[in-house]
Trainee: 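This structure is in structure tokens; I'll ask about it shortly.
For ligands, and for the atoms within them, numbers begin at 1 and follow the listed sequence.
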Amino acid sequence: MRTIDWRDDHVVIIDQTRLPDVLVSLHLHTVDDLVDAIRRLAVRGAPALGVAGALGVALAALSTSDPAEVRALAARVRAARPTAVNLAWGVDRVLALLDHGAAAVVAEAVTVLEDDVRLNRALGHRGADWLQARVPGPINAHTHCNAGALACVEWGTALGVLRALHERDALGHVYADETRPLLQGARITAWELARLGVAHTLVVDSAGPSVIANGLVHAVVVGADRIAANGDVVNKIGTYPLALAAARAGIPFVVAAPESTVDLATPSGAAIPIEIRAADEVTGFGGARTAPEGTGALNYAFDVTPADLVTAIVTEARVVEPAAGGAI
Ligand SMILES: CSC[C@H]1O[C@H](OP(=O)(O)O)[C@H](O)[C@@H]1O
């Protein structure tokens with residue numbers, strides 16, 4: 001079952017807000033449906049957002065023959081979440097075909113969808129190659145948030161690397177952060193790893209640096225939402241502390257992301273818009289308030305890991321080593 005797909009001229013997604021308890025599809029027939037699904041993370045993850053952006057333009061082009069209306073609808077999809085550059089990339093790539101008609105738009109959007117599987121499978125194996133060349137024996141890894149099949153179409157980025165190692169019988173134990181406040185790690189990564197048959201242990205986010213300091217893992221492998229031209233990496237909040245801990249422990253900090261996550265137009269992490277989400281995601285969960293009434297919260301959805309803490313950036317096409325001076 002694909003995370004996101006195109007069927008009968010509409011978008012079909014797994015509603016990730018229902019995982020791990022219920023595996024259910026959502027059928028999105030309008031741009032409004034899609035924007036809502038993106039904003040509440042029913043569909044999430046940088047590569048999946050790139051595909052959502054592409055398919056959103058297809059929905060728009062099928063809803064009206066007026067190019068101006070299509071562009072206005074596409075702009076709403078593009079603005080649904082600010083940080084993952086893939087969303088804008090997917091919209092822009094498909095919108096460029098608008099003058100060729102709706103059929104060409106739909107065809108390009110479907111190409112983006114199908115490419116995602118191939119590209120992420122390739123980066124997964126490239127990352128596994130890189131790690132196996134540096135870490136002998138079964139590799140224990142730490143990961144954060146969800147950068148798996150559910151952040152893509154059907155093959156993950158960071159979990160794609162771990163899946164490739166697992167297929168080679170070269171993966172040891174995986175430690176996964178729960179990833180507050182929306183628990184992508186506890187709800188989605190744990191679910192994916194269990195389905196893959198990968199031995200794994202869930203930890204609270206603040207335990208991640210201690211897992212690393214205590215020598216439980218040989219590498220940290222995470223995804224990314226945007227990689228700036230200088231190699232700075234934006235990923236889920238809580239990634240930066242893991243990079244600091246990995247550097248101190250002398251283990252590789254590996255970022256797995258397709259080339260569509262690299263944003264050469266953005267000079268550094270400081271220029272990347274960091275999504276700030278609603279305070280009530282922090283002050284409660286599942287509809288139950290945990291903090292006192294009136295308590296405010298600052299809910300950064302992402303953080304910036306400076307390039308000098310990034311051992312390797314693995315894409316479908318290359319491995320760049322920013323900490324060693326490698327340039328994107
Ligand atoms: C494979 S990129 C996944 C990336 O996206 C996640 O953010 P969100 O769940 O808010 O979409 C997280 O940063 C993951 O690393």
Side-chain angles (χ1 to χ4, degrees), residues 3-4 13-17 19 37-53 80-90 116-117 119-124 127 141-163 176-192 205 208 220-227 232-243 253-263 269 272-278 281-282 299-305 310 313-316:
T3 300
I4 182 170
I13 64 169
I14 290 172
D15 182 349
Q16 299 190 36
T17 66
L19 291 174
I38 292 171
R39 284 181 175 157
R40 61 187 187 85
L41 279 74
V43 58
R44 46 145 299 277
L49 291 178
V51 173
R81 290 185 75 192
T83 303
V85 68
N86 310 62
L87 181 57
W89 168 85
D116 183 82
V117 180
L119 297 177
N120 286 318
R121 187 189 300 268
L123 81 81
H142 192 94
T143 194
H144 188 65
C145 195
N146 173 257
L150 282 149
C152 304
V153 173
E154 65 180 36
W155 187 282
T157 57
L159 293 198
V161 171
L162 302 186
R163 180 177 176 180
D177 289 336
E178 61 175 354
T179 317
R180 276 188 52 78
L182 298 181
L183 303 181
Q184 289 93 322
R187 294 187 302 109
I188 303 172
T189 292
W191 185 79
E192 285 198 46
D205 298 328
V220 178
V221 186
V222 298
D225 293 83
R226 192 178 311 205
I227 299 170
D232 290 348
V233 171
V234 166
N235 196 50
K236 181 55 55 193
I237 189 77
T239 302
Y240 176 39
L242 298 177
F253 180 82
V254 179
V255 175
E259 288 286 339
S260 54
T261 307
V262 176
D263 178 13
I272 298 174
I274 300 296
E275 180 181 11
I276 296 180
R277 295 183 61 85
E281 291 180 353
V282 176
N299 186 7
Y300 290 131
F302 302 98
D303 62 19
V304 178
T305 297
V310 180
I313 295 172
V314 179
T315 79
E316 65 276 14

Trainee: Quick one: which ligand 1 atoms are inside 4.0 Å of a heavy atom on Ala46?
Mentor: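 So the answer, numbered in order with elements, is 2 (S), 3 (C), 5 (O).
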Trainee: Using a strict cut-off of 4.0 Å, indicate which atoms of ligand 1 neighbour a heavy atom of Arg81.
Mentor: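 Contacts of ligand 1 toward Arg81, numbered from 1: 8 (P), 10 (O), 11 (O).
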Trainee: For atom 4 (C) of ligand 1, grab the closest protein heavy atom and report residue, atom and distance to one decimal in Å.
Mentor: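 Among all protein heavy atoms, the one nearest atom 4 (C) of ligand 1 is Asp225 OD1, 3.5 Å.
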Trainee: For Ala151, counting its heavy atoms only, list the atoms of ligand 1 lying under 4.0 Å from any of them.
Mentor: 1 (C), 3 (C)
Trainee: Using a strict cut-off of 4.0 Å, indicate which atoms of ligand 1 neighbour a heavy atom of Asn146.
Mentor: 3 (C), 14 (C)
Trainee: Under the salt bridge (charged side-chain N to carboxylate O under 4.0 Å, His left out) test, which residues partner Arg44, sequence neighbours left out?
Mentor: none
Trainee: Show the numbers, then the answer: is there a salt bridge (Lys or Arg N to Asp or Glu O under 4.0 Å) between Asp205 and Arg180?
Mentor: CA-CA 7 Å; Asp205 298 328; Arg180 276 188 52 78; 5.8 Å; no
Trainee: Which residue and non-hydrogen atom of the protein lie closest to atom 12 (C) of ligand 1, and at what distance in Å?
Mentor: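 Ranked first by proximity to atom 12 (C) of ligand 1 is Cys145 SG, 3.4 Å.
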Trainee: Output every pair passing side chain to side chain donor-acceptor pair (under 3.5 Å) with a member in residues 148-163, not counting sequence neighbours, ordered by first then second residue.
Mentor: Arg2-Glu154
Trainee: If you have a sec, work out which protein heavy atom is nearest atom 1 (C) of ligand 1 and how many Å separate them, to one decimal?
Mentor: Thr157 OG1, 3.1 Å
Trainee: Whether the side chain of Thr261 engages the backbone of Ile227 through a donor-acceptor N/O pair (distance < 3.5 Å, no angle test) should be reported.
Mentor: no
Trainee: Pairing donors with acceptors under 3.5 angstrom, does anything connect the side chains of Glu192 and Asn146?
Mentor: yes
Trainee: Would a distance-only check, ignoring hydrogens and angles, find a side-chain to backbone donor-acceptor pair under 3.5 Å from Gln16 to Leu41?
Mentor: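 Not a single qualifying donor-acceptor pair exists.
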Trainee: Can you confirm, on distance only, whether ligand 1 has an N/O atom lying under 3.5 Å from any N/O atom belonging to Ala147?
Mentor: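 It does not: no N or O of Ala147 is found under 3.5 Å from an N or O of ligand 1.
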Trainee: Does ligand 1 have any atom that is closer than 4.0 Å to a heavy atom of Val222?
Mentor: no
Trainee: For ligand 1, which part of Leu41 has a heavy atom less than 4.0 Å away: the side chain, the backbone, both, or neither?
Mentor: side chain
Trainee: Test Thr179 against every option in Leu183, Asp177, Leu182 by the side chain to side chain contact (heavy atoms under 4.5 Å, CB included) rule and name the one that passes.
Mentor: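 Exactly one pass, corresponding to Asp177.
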Trainee: Which of these, Ala224, Gly50, Gly185, has its nearest heavy atom closest to atom 2 (S) of ligand 1?
Mentor: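 Residue with the shortest heavy-atom distance to the ligand atom: Ala224.
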Trainee: Tell me the protein heavy atom at minimum distance from atom 15 (O) of ligand 1, and give that distance in Å.
Mentor: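 Result for atom 15 (O) of ligand 1: Asn235 OD1, 2.5 Å.
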Trainee: Which residue and atom name correspond to the protein heavy atom nearest atom 9 (O) of ligand 1, and how close is it?
Mentor: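 It is Arg44 NE, 2.7 Å.
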Trainee: Under 4.0 Å from any heavy atom of Gly45, which atoms of ligand 1 are there?
Mentor: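 Selected atoms, number and element: 3 (C), 5 (O), 11 (O).
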Trainee: Given that the side chain starts at C-beta and the backbone is N, CA, C, O, which of these parts of Lys236 lies under 4.0 Å from ligand 1, counting heavy atoms, or is it both or neither?
Mentor: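 Both backbone and side chain of Lys236 come within 4.0 Å of ligand 1.
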Trainee: With a 4.0 Å cut-off on heavy atoms, is Asn86 touching ligand 1?
Mentor: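 Per 4.0 Å heavy-atom rule, Asn86 does not contact ligand 1.
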Trainee: Record the part of Pro47 in heavy-atom contact with ligand 1 below 4.0 Å; permitted values are side chain, backbone, both and neither.
Mentor: side chain
Trainee: Does the Thr3 side chain pair with the main chain of Cys152, one donor and one acceptor, at a distance under 3.5 Å?
Mentor: yes
Trainee: May I ask you to list the atoms of ligand 1 that are less than 4.0 angstrom from any heavy atom of Gln184?
Mentor: 8 (P), 9 (O), 10 (O)
